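Below, chains carry the letters A, B, ... as their sequence lines are ordered, and counting in each starts from 1. All figures in this text were calculated on a predicted structure; none of them were measured in a lab. Note that these values count all heavy atoms, side chains included, but never hydrogens, waters or copies made by symmetry.
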Amino acid sequence: MTHSYDLIVVGAGIIGAACADVASAEGLKVAIVESGAIGAGVTAAGMGHLVAVDGLPAELALARYSLGLWEDLRDLPGGEFSRCGTLWFARDEHELARIPDKLARLRAAGAVAEAVDAAQLRELEPALSPGLAGGVLVPDEAVVYPPVMARRLVERACRRRATLIHARAIALGEHAVTLDDGQRLLGNVLIATGGALQALLPELLIHLRKGHLLITERYPNMLHHQLVHMGYTDSAHGQSDSVACNVQPRPTGQLLVGSSREYGVSDSEISLPMLRRMLRCAFQFLPSLRQLKALRAWAGLRPASIDGLPYIGRVAQRRGIWVAAGHEGLGVTTAPGTARLLVDQLLARTPAIDARPYDPMRAAA
Amino acid sequence: MSTCICVIVNGKPVEVVAGASVAAAVARAGSRFRRSRSGEARAALCGMGVCFECRVEIDGVPQQQACMLIARAGMQVRTDG
Amino acid sequence: MAERYDVLVIGSGPAGLTAAHAAARHGARVGLVDAQALPGGQVWRHDVRFSAPAFARRCMQATLEHIKIDWLPQTRVVGAEPGRLLVEDPRSARWLKYGALVLATGAREVLLPFPGWTLPGVTGAGGLQALAKQGWPLAGKRVVVAGSGPLLLAAAATARRHGARVLAVFEQADRAAMLRFTRGLWRWPARVMQAAVLRAQLAGVPYHFGSVVTAAQGEDALREIEVSGPRGQRRIACDQLAVGFGLAPNVELACMLGCQLEAEGAQQRVRVDARQHTSVPGVYAAGEVCGIGGRDSALIEGAIAGLAATGARTGIASLQRRRAQARAFARQLRETFAIDQRVRALAQPDTLVCRCEDVTLGALDAHVDARGAKLATRCGMGPCQGRICATALAELGRAAGIAARPPLFPARLETLALAPADGIAASLAT
Ligand SMILES: Cc1cc2nc3c(=O)[nH]c(=O)nc-3n(C[C@H](O)[C@H](O)[C@H](O)COP(=O)(O)OP(=O)(O)OC[C@H]3O[C@@H](n4cnc5c(N)ncnc54)[C@H](O)[C@@H]3O)c2cc1C
Ligand SMILES: Cc1cc2nc3c(=O)[nH]c(=O)nc-3n(C[C@H](O)[C@H](O)[C@H](O)COP(=O)(O)OP(=O)(O)OC[C@H]3O[C@@H](n4cnc5c(N)ncnc54)[C@H](O)[C@@H]3O)c2cc1C
Ligand code: FES
């Protein structure tokens, strides 16, 4: 049997879910194809921190654009949107010296950001170890619970007549996709399969970067902001295994402790050596974490493109095939912007931000 | 027959037989062990360290399983029930 | 305390005790680890007021006093790497290396949701027994024991010994099944004795078959229960309700180590060969973790595993014959006390299933698969790591996976940060 749609979204992680939401809101006839549970891919393994990272200009632009769009999604029930703000902290004078540039970049991108000195840092977060040099507070940033956000977006799309199909996409054609249940769907096809991208689009290279996280028992009011070490950006953009202190207060009172990056690993088993490194790194800055009880640890595989920027747009040399994947460690943050950019291009509108840096053409070249 | 010791539960002294668990002391004090996420009162369920319903604060350390620890004289126990 | 043991035994119930003893007698250096403060496991749990049976005392003494055995109490296994386990006690953490490992982690109670089961005053049946032995106040309390299986009688007897007024025992299995069971009992004379002793201890306590507690009521604590039986519905005012539906093997550690599991009714058990060897080289398992079989099979299997773990060739065959007989009894028990459909239907849409995260049965109904349900509702994400709710959901016929990642139990962050080369790390906490 064949059915035709305006857009067939393959993959219901946070990226596919956001795309289906925006496309259905535009009145398009949408199908969503997902082989597992909604949001149960790497979307369920992430931290859900909505943050503008200022490493790459185009990454910052997409994040800032998306943060604005998240404001319309914050009331989705169960999504646990909580505006805790981000507090970047500097260990020493050397890291402190990088703050003016960071502030300038964030502000140029439209963010509200302020420098905090050592005393203010202690006041904002008494649990931080004494002797830290200072930091940057970005008060408007927030955290969410990504798998439920993805589910709510899909549900919203379905209320607008989108069709959810539980199946695996196994082959692409021109304006067509074949599913493992034998169905063939016709229309524009958007591949939003995250780390599994190359199964359908082998020409778009994806590297997997494994990351560990750990969640604690409930310790309400121990931390108030998402705390990120200034060194996080180096870890995120580095080329070797690394850890960085990145700790989040969940709305439940639990703490989410991260994070690590490993290259060339494709399983998501817990590696105790990596977990140890990550925890020791966090203890340096938050000594009182040592005594807290961990409930669980897990690992996920961040889908990374060749250059750290996601692939968003039409796939070259193929007809009617689009892609939105490769968001590495920022896909939750950048999902709404990604969806807007993609749908604007599909409808031949001019996007609100320059779409060229994300053009998948660069990888095929 | 057996000797008793005294522990403090939510500020109140409670006598238990030596060797008794903290859970027994909390029950003797008539206290609930904890409030659940939605605010229900809860108390020990499994008695063997599996269910985590008996979590209390002991000597300032939160989230301890009362059924797994033997009460010691002078122990300070707090419940949030 | 050593850093490396020839044989490391996890669990000090009957299976772990005999395993440790057999291995030590065969010359091995043995570490015996248990999360509890005192040895004995479930059946020989220390009682603050009454001493254990003479046989149990002898068995514990022989093991604990053995010069080649180190007893490591209040120690929980929370992680593993090949050839070593990460353990935590209330004050410190360490890595223990082993030549061979014996898993004697026993079983927990199957606790099934029904309206009111979260009220203070409602415990497991074995749960109340364990709590009573730890000094839980029962003197003069009105206690009802319910659920299924031989544990109900043991729990009622313990409660009574601790001064409770046991009002009744309600067994869900029907009288016909029980009669078939008792007619076959002559094959296990020791069991007939046990049952007779228990019945004598419970003289005057009514024992009802085909009866199920359908609800517990009260404001902030239990006041009253509803019972449905062959003679209709009734209400009983009481202070404690002890209700359990049999046992489920504690397979999480085995699972984390990669041991193959197999079905045991709706639950899982560790698969072992005739020498109690699991599918992982050097890892043995004995007792309830290999399937609910009771004290006798635990004792025998522990001895086999302890010997096998030291590479012994002799002394095993006779034990293997005794094990077969003990296991046959366990099969009879399972058939007799198979859980009735009525019990599975007790939970209502607004009944909590996950007590850690307060998730109702109805909230799970909206989801097609277990993983999606868990992600959306947080069911099983709390500190019990699904040990209560996933066990119950499996019994209700809803698939639920086994948690088998470090930390196996909630553990201090500093424990998880301990490297094998660090030695022992003392905690600052206590
Ligand atoms: C440890 C860690 C921490 C992180 N922290 C953050 C953070 O704080 N903030 C942030 O913004 N981001 C964070 N991320 C990154 C973020 O989680 C990802 O970028 C994002 O979830 C990617 O979403 P996705 O939809 O592309 O992928 P996925 O969620 O993996 O979705 C892909 C979906 O496609 C489905 N699929 C695959 N193949 C097929 C097929 N052939 N047919 C049908 N369906 C298919 C899969 O089942 C899956 O559901 C973190 C990631 C990790 C690992
Ligand atoms: C609550 C309860 C009450 C029972 N009462 C009776 C009774 O009265 N009469 C009767 O005949 N049978 C009773 N049983 C049945 C009982 O399981 C067996 O009779 C017998 O105790 C089984 O012995 P075992 O050695 O296999 O396991 P157990 O006796 O269960 O011993 C297992 C031990 O392993 C420890 N352990 C488990 N995991 C870990 C870990 N990760 N780290 C460290 N330690 C760990 C536990 O603390 C426990 O002490 C009861 C069972 C339960 C659950
Ligand atoms: S009563 Fe269940 S863990 Fe203590």
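- Side-chain contact between C/R108 and B/C46: absent, with no pair of heavy atoms (C-beta onward) separated by less than 4.5 Å.
- Taking each heavy atom of B/M48 and C/Q36 in turn, the nearest pair found is O-NE2, 3.8 Å.
- Within the 4.5 Å cutoff, no side-chain heavy atoms of C/I388 are placed close to those of B/E53.
- Of all non-hydrogen atoms in C/V122 and B/L45, the two that sit nearest each other are O-CD1, 3.8 Å.
- In this structure, B/C51 and C/C384 approach most closely via the heavy-atom pair O-CB, 3.8 Å.
- Chain B forms more heavy-atom pairs under 4.5 Å with one residue of C/P137, C/G382, C/C356, C/P410 than with any other, namely C/P137.
- Shortest non-hydrogen contact noted between C/F409 and B/G49 is CE2-O, 4.1 Å.
- A pairwise comparison of heavy atoms in C/G135 and B/R28 identifies O-NH2, 3.0 Å as the closest pair.
- There is no contact between C/Q129 and chain B, counting heavy-atom distances below 4.5 Å.
- There is no contact between B/Q63 and chain C, counting heavy-atom distances below 4.5 Å.
- For the set C/T118, C/L131, C/D47, the count of heavy-atom pairs under 4.5 angstrom toward chain B peaks at C/T118.
- With a 4.5 Å cut-off on non-hydrogen atoms, B/A25 does not touch chain C at all.
- Although no hydrogens or angles enter the test, the distance criterion places no donor-acceptor pair under 3.5 Å between the side chain of C/Q134 and the main chain of B/A24.
- Contacts between C/E219 and chain B at a heavy-atom distance below 4.5 Å are absent for every atom of the residue.
- The shortest side-chain heavy-atom distance between B/M68 and C/Q74 does not fall under the 4.5 Å cut-off.
- The pair C/D358-B/R35 does not count as a salt bridge, with every side-chain nitrogen at least 4.0 angstrom from each carboxylate oxygen.
- A pairwise comparison of heavy atoms in C/D220 and B/R32 identifies O-NE, 3.2 Å as the closest pair.
- Heavy-atom pairs under 4.5 Å with chain C peak, among B/S21, B/A18, B/G19, at B/S21.
- When each of C/R45, C/E109, C/R76 is scored by its heavy-atom pairs under 4.5 Å with chain B, the top score falls to C/R76.
- Put simply, of C/G127, C/G124, C/P383, the one with the most heavy-atom pairs under 4.5 Å next to chain B is C/P383.
- Atom-to-atom distance recorded for B/F52:CZ and C/Q385:CD is 6.5 Å, nearest 0.5 angstrom.
- Interface remark: B/V50 contributes backbone and side-chain atoms alike to the contact with chain C (heavy atom separation under 4.5 Å).
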